[in-house]
Each structure stands twice: as C-alpha cells, then as structure tokens.
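Only one structure is covered here, and it is reproduced in the block below.
What you are looking at is a predicted structure, and each value in this text was computed from that prediction instead of being measured. Chain letters run A, B, ... following the sequence lines, proteins first, then strands; residues in each count from 1.
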Number of protein chains: 2
Amino acid sequence: MLLSKSCVYGLRAALFLATRKDGEYTPIKGMSEKLEISFHFLTKILQQLTAEGILKSYKGPNGGVKLTKPGHEVTLMDIVLAIDGPKLLTECALGLPGCGLKNPCPLHDKWAETRDSIRDMLENTSLTDLVRKGIEENLRLTDDGDFEDLLRI
Amino acid sequence: MLLSKSCVYGLRAALFLATRKDGEYTPIKGMSEKLEISFHFLTKILQQLTAEGILKSYKGPNGGVKLTKPGHEVTLMDIVLAIDGPKLLTECALGLPGCGLKNPCPLHDKWAETRDSIRDMLENTSLTDLVRKGIEENLRLTDDGDFEDLLRI
DNA sequence: TTATTTTAAGACAAAAGACTCTGTAATTAG
DNA sequence: CTAATTACAGAGTCTTTTGTCTTAAAATAA
Ligand code: SF4
Ligand code: SF4
C-alpha cells in the first residue's frame with residue numbers, strides 16, 4: 001500500500017472533522033464509532049495530528065478535537081506528511097541501491113513523473129474539496145453511512 | 001513502499017539473471033553474495049518465481065536457476081505480479097470504503113491516471129531494457145559493484 | 001556407491017505494523 | 001468538593017513481513 005493504514009484512518013478522520021462546524025470540538029469516541037475505527041487506535045493517530053499542529057484538542061466534557069485551520073487550508077499532503085512522513089516523496093519505487101539522479105535506471109524519469117503526479121494530487125486537494133465532492137456524489141466514509149448522515153449528527 | 005522488499009529483491013535477481021548467458025544455470029548462492037541478499041531469503045523468493053514459470057531451476061552441481069524466456073520478453077510487471085500479486089493495480093491509494101468507479105472521490109480520476117502510469121511503466125520495461133541502460137550508465141545492483149563486475153563473473 | 005553440490009520445503013525468530021488495554025491528567029457539571 | 005467526561009501516555013498483544021536455520025531431495029562426479 002502506498003499509504004499506511006494509520007494514514008488512511010487519519011485522512012478519514014480529518015475529512016470527518018472538516019464536515020463539522022468551525023469552533024466545535026468533536027469527541028474522538030463518537031468519531032471512532034461513526035468511522036468504524038478502533039477508539040484507542042484512532043486516538044493514537046489523532047494525537048500525532050495534534051502534536052503536528054493540524055488538530056487542536058481539549059479535555060473534559062464538551063472536549064474533543066477540531067481542525068486548527070479551516071478545511072480548505074488543509075491539504076491531504078499535510079495529513080500524509082504528519083503520519084507517514086516524507087518517505088513517499090523521497091523513496092524510489094524500486095529502491096535499487098546506489099542509483100538516483102546521478103545514475104538513473106530507465107525507470108527513473110517515468111517514476112519521477114509518477115511521484116510528482118502523486119505529490120501534486122495530494123498537495124492540490126484540500127479536505128473541503130473532498131467533502132464537497134463527497135456531498136455532491138454521496139461518497140461514503142464508512143461502509144454503510146453516507147455524507148448526509150455525517151452532517152446530520 | 002509501493003513494492004515489497006521481496007519484490008525488489010526478486011527484480012534485482014531477475015536483472016542479474018538477464019545479464020547471464022542464455023542456457024546457463026546460475027547458482028543462487030553466488031547470486032546472493034553478489035547482490036548482498038540473504039541466501040535463504042533469496043532462495044525463497046526465487047522459488048516463487050520458479051513456481052510461476054518465470055525461472056527454471058536445476059539441482060545438483062552446475063545447477064541453479066535461469067530465466068525461462070529471454071530477458072527482452074520478461075517485463076518488470078511479470079516479476080511484480082509473481083511476487084506481490086495484482087493488488088498494486090486493483091487497490092486504491094486511499095482505500096476509502098464504499099467508493100470506486102460508481103462513486104468516485106475527487107482523487108479517483110487522478111489516481112487512476114497515476115496507477116495507469118505505474119502499470120505502463122512496469123509493463124513496457126523489459127529486463128533487457130534495464131540491463132542495457134545499466135551497462136550504458138553504469139547503474140549498480142549493489143552498493144559497491146557495477147554492471148561491468150556482473151558481466152565479468 | 002559415496003561424497004559433494006545444488007534447489008525445495010518448512011519450521012523458527014526477529015522486526016515492524018496494526019491494534020488493545022490500563023491508568024493518568026485535565027476539565028467541566030452538579 | 002465530587003463525579004463524570006474527555007484527551008494523553010505508555011505498555012502490551014496480535015499479525016504480517018522479513019529474515020534465519022535445518023533437513024530433505026535431486027543431480028553429479030569420482
Ligand atoms: S534510478 Fe531512480 S527510478 Fe531507478 S531505481 Fe534508482 S531511484 Fe529508482
Ligand atoms: S473514489 Fe477512487 S481514488 Fe477515491 S478513495 Fe475511492 S477508489 Fe480511491
């Protein structure tokens with residue numbers, strides 16, 4: 001897999017948070033139930049995002065987490081970097097030793113192209129982009145629910 | 001990582017075999033030393049390739065493994081499919097549940113493009129292509145050796 | 001035949017990734 | 001103040017991947 005499972009879960013959660021009203025803290029428990037992700041595991045992942053400054057958290061009743069910035073200012077790349085780190089952009093698909101720009105194999109150019117295409121996609125897509133499209137086309141974040149569901153909570 | 005480590009090792013070994021003379025069996029032991037891959041681990045990987053018909057093997061003195069077909073008829077995709085299976089081509093990068101062609105997220109088109117580009121690259125590159133380029137531009141298959149080395153053995 | 005060289009097969013071990021559990025600290029409501 | 005609710009922290013478990021080891025089977029050579 002291109003992205004780790006943690007990373008995909010983090011993306012799902014971030015999308016979920018982008019559907020909530022600004023300023024409101026959303027408890028992780030409810031999120032984990034809606035998204036069908038283990039509560040403790042999701043907690044751990046969101047702690048990373050909090051540590052990276054992508055989320056703000058608040059303890060106690062009415063506490064939870066929320067996006068630090070509005071959804072249209074958060075790109076998928078922000079989440080991926082926070083959870084999986086930069087290896088996606090730096091590592092080569094084949095990973096033949098001793099090669100690279102100075103000494104490329106025949107795949108190098110094509111792979112650089114592919115990698116750039118992935119990077120562009122992640123950098124140029126914001127959470128809000130996905131939420132909007134999700135609502136328009138009824139994309140699900142879970143197996144059974146839909147976006148309408150999420151907005152109604 | 002896009003490809004598993006086993007798969008990368010398999011590709012390295014297949015490239016190595018594509019440098020050898022047709023018809024000669026190459027012992028895995030020597031290969032593992034040249035490529036700096038654990039002998040037993042490499043054996044296991046090459047057994048898969050043998051089971052898939054990509055390699056032929058022969059036991060006993062002067063035995064070893066060799067490519068079933070000439071190097072220019074073996075694509076990188078052949079190796080990848082044999083070791084990592086088709087999930088690279090079927091799985092989505094994000095893996096959001098419940099979506100797909102019928103119900104695409106905004107990434108779907110771009111991702112399909114990316115995936116096609118990876119597939120084309122793997123399908124249209126033969127072992128011989130890489131070996132030729134490797135010789136021309138002195139690509140290494142190991143940290144210290146070079147292609148000249150391999151050809152001299 | 002006997003010793004040697006080689007792959008085949010499968011059990012075993014270590015490391016990494018994915019997930020769980022238990023307890024603690026902060027915050028609020030009553 | 002007390003009890004409830006929430007995130008935080010870290011240890012612990014399960015699974016998959018990666019890698020090691022041992023033994024068997026096939027082939028050859030002497
Ligand atoms: S030359 Fe480039 S594409 Fe080819 S193996 Fe090296 S880093 Fe990867
Ligand atoms: S719509 Fe396509 S690209 Fe988007 S998450 Fe689903 S399968 Fe992946």
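- In summary, contact between chain A and DNA chain C, defined as any nucleotide atom under 4.0 Å from a heavy atom of the protein, begins and ends at C:dA18 to C:dA29 in the 5' to 3' direction.
- A:S57 and A:T50 form no side-chain donor-acceptor contact under 3.5 Å, judged by distance and modelled atom types alone.
- Rounding to the nearest 0.5 Å gives a distance of 10.5 Å between CD1 of B:I37 and CZ of B:F16.
- Residues from residues 46-58 of chain B placing a heavy atom under 4.0 Å of any atom in DNA chain D, listed by number, are B:Y58.
- A:T68 contributes a side-chain N or O that, together with a main-chain N or O of A:G53, makes up a donor-acceptor pair within less than 3.5 Å.
- Rounded to whole Å, the distance from CD1 on A:I45 to C1' on D:dC8 is 15 Å.
- A:T114 places no side-chain N or O within 3.5 Å of a backbone atom of B:I118 that could act as its donor or acceptor partner.
- Relative ring orientation between A:Y9 and A:F41 is described as perpendicular, the plane-to-plane angle rising above 60° on a 0-90° scale split at 30° and 60°.
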| query | Which parts of nucleotides 12-19 of chain D does protein reach within less than 4.0 Å, heavy atoms only, written one letter per nucleotide 5' to 3' as B for base, S for sugar-phosphate only and - for none? | reply | ------SB

| request: Assess whether salt bridge (charged side-chain N to carboxylate O under 4.0 Å, His left out) is satisfied between B:K87 and B:D84, documenting all intermediate values. | output: CA-CA 7 Å; B:K87 72 169 190 232; B:D84 276 353; 5.3 Å; no

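- Using a 4.0 Å heavy-atom cutoff across all strands shown, A:T26 reaches sugar-phosphate atoms only and no base atom.
- Once rounded to the nearest 0.5 Å, the distance linking SG of A:C7 with CD1 of A:I79 reads 8.0 Å.
- The side chain to side chain contact (heavy atoms under 4.5 Å, CB included) test with B:L76 singles out one residue from B:N124, B:L3, B:T125, and that residue is B:T125.
- For the pair A:F39 and A:G60, nearest-nucleotide mapping onto DNA chain C gives the more 5' position to A:F39.
- Checked by atom type and distance alone, the side chain of B:S32 pairs as donor or acceptor with a backbone atom of B:K29 at under 3.5 Å.
- Donor-acceptor pairing under 3.5 Å is recorded for the side chains of A:S126 and A:D129.
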